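This report refers to the structure that appears directly beneath it.
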Amino acid sequence: MKKKLRVGVLFGGRSGEHEVSLLSAASVLKAIDRSRYEVVPIGITKQGRWVVSGDAERLLAGDFPDTGTLRAGDPQHTAPAALLAKGQGVIVPPMPAAGGGRGGSLVPFEREASSLSPAQDVLQLDVVFPVLHGTFGEDGTMQGLFELAGLAYVGSGVLGSATGMDKEVMKRLFLAAGLPITRHVTFLRREWEKSPKKIIARLESELKYPLFVKPANLGSSVGISKAHDRKELGPAIELAAGFDRKIVVEQAVGGRGNRTTMGKARELEVAVLGNDEPIASVVGEIVPGKEFYDYEAKYLSEGSQAIIPAKLTKRQSQQVQAMALDAFRACDCAGLARVDFLLEAGDSGRLYLNEINTMPGFTSISMYPKLWEASGVKYSDLISRLIELALERKMEQEQISYSR
């Protein structure tokens with residue numbers, strides 16, 4: 001019998017998207033093909049402590065109630081949450097496994113550094129699926145650790161993850177690739193604290209209300225708000241500044257007018273899958289239950305609607321898919337990404353590339369798996385394909401010479 005690949009499913013983390021990660025991981029752990037993979041759930045607490053359970057299967061099979069705090073379920077009543085509370089602490093040594101065995105390892109952190117030689121309580125892994133969203137997980141930091149440890153892992157590498165997280169750097173790459181983006185201004189929190197009037201004057205001279213104010217490095221719409229006038233702009237900047245040192249302010253897409261007469265842009269999304277030869281899913285559309293698709297609309301309220309496939313002409317769909325692949329390549333992504341667009345209202349509305357997400361949500365209501373399901377790829381098969389892509393990328397890296 002062929003030996004199962006040992007897959008570490010990593011979740012939690014220190015970012016503002018910790019709870020979303022728990023829900024995503026719960027869905028992955030439930031759907032992954034256990035006939036092909038030996039699954040090792042690995043959690044990271046909000047304080048940054050890595051934990052793994054000696055009785056992981058019992059936790060995964062546990063009957064945890066769904067209290068409905070988030071639309072996908074209560075993250076505190078998932079198997080991942082239980083593991084975070086009860087698991088044994090571990091570390092990932094930043095060095096490849098010796099002897100050409102499995103790709104990398106987890107070591108109980110209570111052991112002394114001098115005893116990090118192979119032993120029974122060292123847990124070897126073939127590949128890691130980092131179901132981590134936001135900073136310290138999706139931004140290149142975790143990917144750098146995997147590279148040092150010689151681990152195959154799902155998703156983009158250090159560069160792709162970092163550029164996919166930083167909205168300002170991302171936009172620079174999109175511009176260099178000739179892709180259309182919205183008008184925007186970027187500034188540092190220190191600049192805002194030093195001279196808020198100067199920042200507001202700059203924003204009002206270069207952009208027109210309404211404006212979207214965002215932390216440069218975060219996802220799931222955490223810290224994002226819409227400012228319709230100067231009165232709302234200051235608090236919006238303060239909110240974003242609480243989540244990052246760099247703030248991006250974008251001019252809204254949709255047309256001119258006030259908050260009641262302005263044409264509303266359509267929010268389109270495409271899922272991308274692959275490494276050097278990526279493919280794009282059908283195009284989907286989000287109709288937010290609120291004024292825009294913020295954290296509450298994504299995970300708390302019931303009013304948002306997903307339309308898959310989006311009601312577009314064949315030409316429009318092909319344009320969106322082609323731009324999604326261009327964005328994926330521009331950021332040097334790998335494995336997976338969700339690419340988001342804004343389409344102006346009206347028959348001749350212009351299409352704008354909004355952003356790319358290198359580790360999109362995997363909850364039961366997330367768009368990435370739903371887009372692939374509508375494209376003919378089942379959820380469990382999608383997980384398997386992502387693991388295959390991680391191993392393919394690792395094999396390609398092993399062909400590279402790092403010394404003369």
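Throughout, numbering of the chain's residues begins at 1 and tracks the sequence. Quick caveat: nothing in here was measured; it's all calculated off a predicted structure.
Of the possible polar contacts, none joining the Thr163 side chain to the Met170 backbone as a donor-acceptor pair under 3.5 Å is found. No donor-acceptor pair under 3.5 Å is formed between the side chain of Ser195 and the backbone N or O of Glu191. Remark: the backbone N or O of Gly13 is paired with a side-chain donor or acceptor of His18 at under 3.5 angstrom. Between the side chain of Arg393 and the backbone N or O of Gly335, no donor-acceptor pair lies under 3.5 Å. Using modelled atom types, no side-chain atom of Arg338 and backbone atom of Glu269 make a donor-acceptor pair closer than 3.5 Å. The main-chain N or O of Lys314 is never found under 3.5 Å from a side-chain atom of Ser317 such that the two would form a donor-acceptor pair. With hydrogens and angles disregarded, no donor-acceptor distance shorter than 3.5 Å links the side chain of Ser366 to the backbone of Tyr368. Glu344 places a side-chain N or O within 3.5 Å of a backbone atom of Arg350 that can act as its donor or acceptor partner. Of the possible donor and acceptor atoms, one in the side chain of Gln321 sits under 3.5 Å from a partner among the backbone N and O of Ser281. With hydrogens and angles disregarded, a donor-acceptor distance shorter than 3.5 Å links the side chain of Ser24 to the backbone of Val20.
Interatomic distance, Ile356 CD1 to Phe341 CZ, rounded to the nearest 0.5 Å: 8.5 Å. Interatomic distance, Asn217 CG to Asp166 CG, rounded to the nearest 0.5 Å: 4.5 Å. Asp244 contributes atom CG, which lies 11.0 Å from atom CD of Glu168 (distance to the nearest 0.5 angstrom). For the atom pair CZ of Arg49 and CZ of Arg14, the computed distance is 15.0 Å after rounding to the nearest 0.5 Å. Atoms NE2 and CG, on His133 and Leu23 in that order, are 8.5 Å from each other to the nearest 0.5 Å. Considering CG of Leu5 and CG of Asp126, their distance stands at 5.0 Å, rounded to 0.5 Å.
At a threshold of 4.5 Å between non-hydrogen side-chain atoms, the residues Thr182 and Lys171 count as touching. Residues Gln319 and Arg315 are not in side-chain contact: their nearest non-hydrogen atoms beyond the backbone lie 4.5 Å or more apart. Looking at heavy atoms from C-beta onward, Phe212 lies out of side-chain contact with Val248 at the 4.5 angstrom threshold. Side-chain contact between Ile181 and Leu175 is present, with heavy atoms from C-beta onward closer than 4.5 Å. A 4.5 Å side-chain heavy-atom check between Asp33 and Ile383 finds every atom pair outside the cut-off. Within the 4.5 Å cutoff, the side chain of Trp372 has heavy atoms near those of the Ile279 side chain. In this structure, Met142 and Leu10 have side chains that are in contact, with non-hydrogen atoms separated by less than 4.5 Å. Between Leu233 and Tyr209 there is a side-chain heavy-atom pair separated by less than 4.5 Å.
Ser161 and Thr358 make their closest contact through CA-OG1, 4.2 Å (heavy atoms, listed as atom of the first residue, atom of the second, distance). Taking both residues in full, the closest heavy atoms of Ala334 and Asn275 are given as CB-OD1, 3.7 Å, listed atom of the first, atom of the second, then distance. Ala310 and Leu268 make their closest contact through CB-CD2, 4.1 Å (heavy atoms, listed as atom of the first residue, atom of the second, distance). Across Ala240 and Val213, no two heavy atoms sit closer than the pair CB-CG1, 4.0 Å. What you find for Tyr379 and Ala31 is that their closest heavy atoms are CD2-CB, 3.6 Å. In terms of heavy atoms, Gly12 sits closest to Leu22 at CA-CD2, 4.0 Å.
Electrostatic pairing of Glu204 and Arg230 counts as a salt bridge here, judged by a charged N lying under 4.0 Å from a carboxylate O. Electrostatic pairing of Glu388 and Arg385 counts as a salt bridge here, judged by a charged N lying under 4.0 Å from a carboxylate O. Between Arg245 and Glu193, none of the side-chain N atoms (NZ, or NE/NH1/NH2) sits under 4.0 Å from a carboxylate O, so this pair counts as no salt bridge. Residues Glu250 and Lys214 are paired through a salt bridge, judged by an N-O separation under 4.0 Å between the basic side chain and the carboxylate.
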Self-check item: Pair Val28-Phe11, side chain to side chain contact (heavy atoms under 4.5 Å, CB included): steps then yes or no
Solution: CA-CA 10 Å; Val28 171; Phe11 54 84; over 6 Å; no

Quiz item: side chain to side chain contact (heavy atoms under 4.5 Å, CB included) between Ile199 and Val249: does it pass, once the steps are laid out?
Solution: CA-CA 11 Å; Ile199 292 295; Val249 180; over 6 Å; no

Practice problem: Walk me through it: do Leu273 and Phe328 pass the test side chain to side chain contact (heavy atoms under 4.5 Å, CB included)? | Solution: CA-CA 9 Å; Leu273 179 68; Phe328 188 86; over 6 Å; no

Quiz prompt | Test side chain to side chain contact (heavy atoms under 4.5 Å, CB included) applied to Ile42 and Val128, step by step | solution = CA-CA 9 Å; Ile42 308 162; Val128 175; 5.5 Å; no

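Using the six-membered ring where Trp is involved, Phe129 and Phe362 have ring planes that are perpendicular, over 60° apart on the 30 and 60° scheme.
Pairs engaging residues 394-404 under the side-chain hydrogen bond (donor to acceptor under 3.5 Å, both in side chains) rule: Glu147-Gln397 [sequence neighbours left out].
Summarising the local packing, CZ of Arg202 is surrounded by more than 12 heavy atoms from other residues, nucleotides or ligands at distances under 6.0 Å.
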